[in-house]
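Below you'll find the structure, written out as structure tokens, and then a few comments.
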Amino acid sequence: MATLRHSYIAGVGHYVPSRVVKNAELEPMMNTSDAWIQERTGIQERRWFEEGTDTTANMGANAARKALEMAGVEANDVQMIVFATLSPDYFFPGSGVLLQRELGITNNCPALDVRNQCSGFVYALSVADQFIRTGMYDTVLVVGSEIHSSGLDKSPEGRGVAVIFGDGAGAVVLRPSTEEGQGILSTHLHSQGEFAEELIVKEPSSNRDNRADYVVANKQDLYPFMNGQNVFKHAVVRFPQVIKEALDQNGYQPSDVNMLIPHQANLRITQYVQQKMGLSDDKVYSNIQRYGNTTAASVPIALSEAVQEGRIKRGDLVCLAAFGSGFTWASALIKW
Ligand code: UT7
């Protein structure tokens, strides 16, 4: 039996589609306004995928290539893929196997899809971390990738949700740490199924005699529904809670955190959490202004940008945190 060990993030990368959609472009479509979107969410623009160019799997692969390069790892050395998405390429099979094919990985490594929406990446990271801690694998690729723009109601009826979500992908490579106290210190996962329908895409549901006929007649149910105010209310409680849980477990205070990477749900939620924790602006990463909410992709995109910009240094205490549909919420504390 191998001894437990830490994993660390050896490489990180991201990819976003090239099409930039500014708030102004949504105004005539959805009877919304740039002012409303910025005031309520902080979002200025987001990316929408290009049909025929971008897929959930190949966007994930683009992000993964950068993470692999940074880690100095060949694609065929990946021993496991954990792929988080709520917008998979197919109903089945999952996007993990498609990413494996896209990257030309021919070693028959396992590919696991994780379906935990906005918390998906942190859940996936935790899953990967367990495989490394136990010694089962040495190199695990963790990916979050989403295409929302093809599934949004872009009419005025859908504006409460459609202005928020965007497309993108991020990835990390996990390897075992050789240094005591470096790497992923702990991960914390939670869910509360009582609120499953508060943020949901209902169809296609398997619980229909004939799901194909149903979706043709009930197109509206293919769009995401969100009880925004209730989700907001829970998010501002769960984010600080799950961050505190991670800090407490490792004997740290909020003032020890060098960088908080929250899931980019709403700039107002992030600002609330920042204030509650007493963190200065330079210790909280926000890019929702440029990408909107990319659910499972938001944390790795933000992490990748923060690393690229030199805002995370070796030895820094980095906290990842997420909350979303399910409800699910999660955190990870990392000594970089
Ligand atoms: O990532 C997973 C977790 N997700 C979240 O954490 C999201 C949490 N929720 C939120 O971020 C916010 O609830 C929203 C940004 C979704 C909505 O903001 P809000 O301040 O809660 O607005 P609201 O839904 O209460 O709507 C306020 C008003 C309504 O008009 P009336 O009834 O006051 O006349 C809406 O019809 O704003 C209207 N509205 C809009 N107006 C212009 C809703 N969406 C829009 C829009 N443009 N896009």
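Remember, it's 1-based here, ligands and their atoms both numbered in the order they're listed. Every value quoted in this text rests on a predicted model; they were computed, and no experiment measured them.
For the pair Asp113 (side chain) and Ser95 (backbone), a donor-acceptor distance under 3.5 Å is present. Under the 3.5 Å distance criterion, the side-chain polar atoms of Arg159 are matched with a main-chain donor or acceptor of Asn31. At least one donor-acceptor pair closer than 3.5 Å links the side chain of Ser205 to the backbone N or O of Asn207. Remark: side-chain polar atoms of Asp167 are paired, donor with acceptor, to backbone N or O of Ser149 under 3.5 angstrom.
Assignment of Leu199 to the shell around ligand 1 is supported, since a heavy atom sits closer than 4.0 Å. By the 4.0 Å heavy-atom criterion, Met30 is excluded from the residues contacting ligand 1.
Leu317 and Tyr252 make their closest contact through CD2-CG, 3.6 Å (heavy atoms, listed as atom of the first residue, atom of the second, distance). Between Ser87 and Glu146, the shortest heavy-atom distance links the atoms OG-OE1, 2.6 Å.
If you check which protein heavy atom lies closest to atom 39 (N) of ligand 1, you get Trp36 CZ2, 3.4 Å. At the top of the distance list for atom 4 (N) of ligand 1, counting protein heavy atoms only, stands Val231 CG1, 3.5 Å. At the top of the distance list for atom 9 (N) of ligand 1, counting protein heavy atoms only, stands Gly228 O, 3.0 Å.
Polar contact check, His263 against ligand 1: a nitrogen or oxygen pair lies under 3.5 Å apart. The shortest N or O to N or O distance between Asn31 and ligand 1 is not under 3.5 Å. Taking distance alone, with nitrogen or oxygen atoms compared against 3.5 Å, Gln229 approaches ligand 1 more closely than that limit. Polar contact with ligand 1: present for Arg159 (N/O pair, distance under 3.5 Å). Every N/O-N/O distance between Met226 and ligand 1 stays at or above 3.5 Å.
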Criterion salt bridge (charged side-chain N to carboxylate O under 4.0 Å, His left out) on Glu179 and Lys335, from CA distance to verdict: CA-CA 11 Å; Glu179 263 177 59; Lys335 193 82 172 159; over 6 Å; no
Verdict with reasoning, Lys233 to Glu198, per salt bridge (charged side-chain N to carboxylate O under 4.0 Å, His left out): CA-CA 12 Å; Lys233 222 171 68 189; Glu198 292 294 82; over 6 Å; no
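When non-hydrogen atoms are compared, ligand 1 lies under 4.0 Å from neither the backbone nor the side chain of Ile37. Contacts between Thr32 and ligand 1, counted as non-hydrogen atom pairs separated by less than 4.0 Å, involve both the backbone and the side chain.
Side-chain contact of Asn76 with Thr106: a donor-acceptor pair under 3.5 Å is present, judged by distance alone. His190 and Gln241 share no donor-acceptor pair across their side chains, judged by distance under 3.5 Å alone. If you check the side chains of Asp153 and Gln220, you find a donor sitting under 3.5 Å from an acceptor. One side chain, Arg46 or Asn23, offers a donor N or O that lies under 3.5 Å from an acceptor on the other. Using modelled atom types and a 3.5 Å distance limit, the side chains of Glu27 and Ser33 yield no donor-acceptor pair.
Set against the non-hydrogen atoms of Ile164, the atoms of ligand 1 under 4.0 Å away are 16 (C). Near Thr41, meaning under 4.0 Å from one of its heavy atoms, ligand 1 places the atoms 15 (C). Set against the non-hydrogen atoms of Gly160, the atoms of ligand 1 under 4.0 Å away are 16 (C), 44 (N). Atoms of ligand 1 found under 4.0 Å from any heavy atom of Val163 (numbered from 1 in listed order, with element): 48 (N). Of all the atoms in ligand 1, the ones that sit under 4.0 Å from a non-hydrogen atom of Asn266 are 10 (C), 11 (O), 15 (C). Taking a cut-off of under 4.0 Å to the non-hydrogen atoms of Arg40, the atoms of ligand 1 that pass are 19 (P), 20 (O), 22 (O), 27 (C). Using a 4.0 Å cut-off to heavy atoms of Ile269, the atoms of ligand 1 that qualify are 6 (O). The atoms of ligand 1 that sit less than 4.0 Å from any heavy atom of Phe232 are 8 (C), 9 (N), 10 (C), 11 (O).
To the nearest 0.5 Å, atom CG of residue Leu26 and atom CD of residue Glu45 are 11.0 Å apart. The distance from atom CG of Leu86 to atom SG of Cys118, rounded to the nearest 0.5 Å, is 7.0 Å.
Protein heavy atoms are found inside the 4.0 Å sphere centred on atom 1 (O) of ligand 1. The protein does not reach atom 29 (C) of ligand 1 closely, with no heavy atom under 4.0 angstrom from it. By the definition of a contact as any protein heavy atom under 4.0 Å away, atom 41 (N) of ligand 1 is in contact. Within a 4.0 Å radius of atom 32 (O) of ligand 1, the protein has no heavy atom. Distances from atom 19 (P) of ligand 1 to the protein include at least one heavy-atom value under 4.0 Å.
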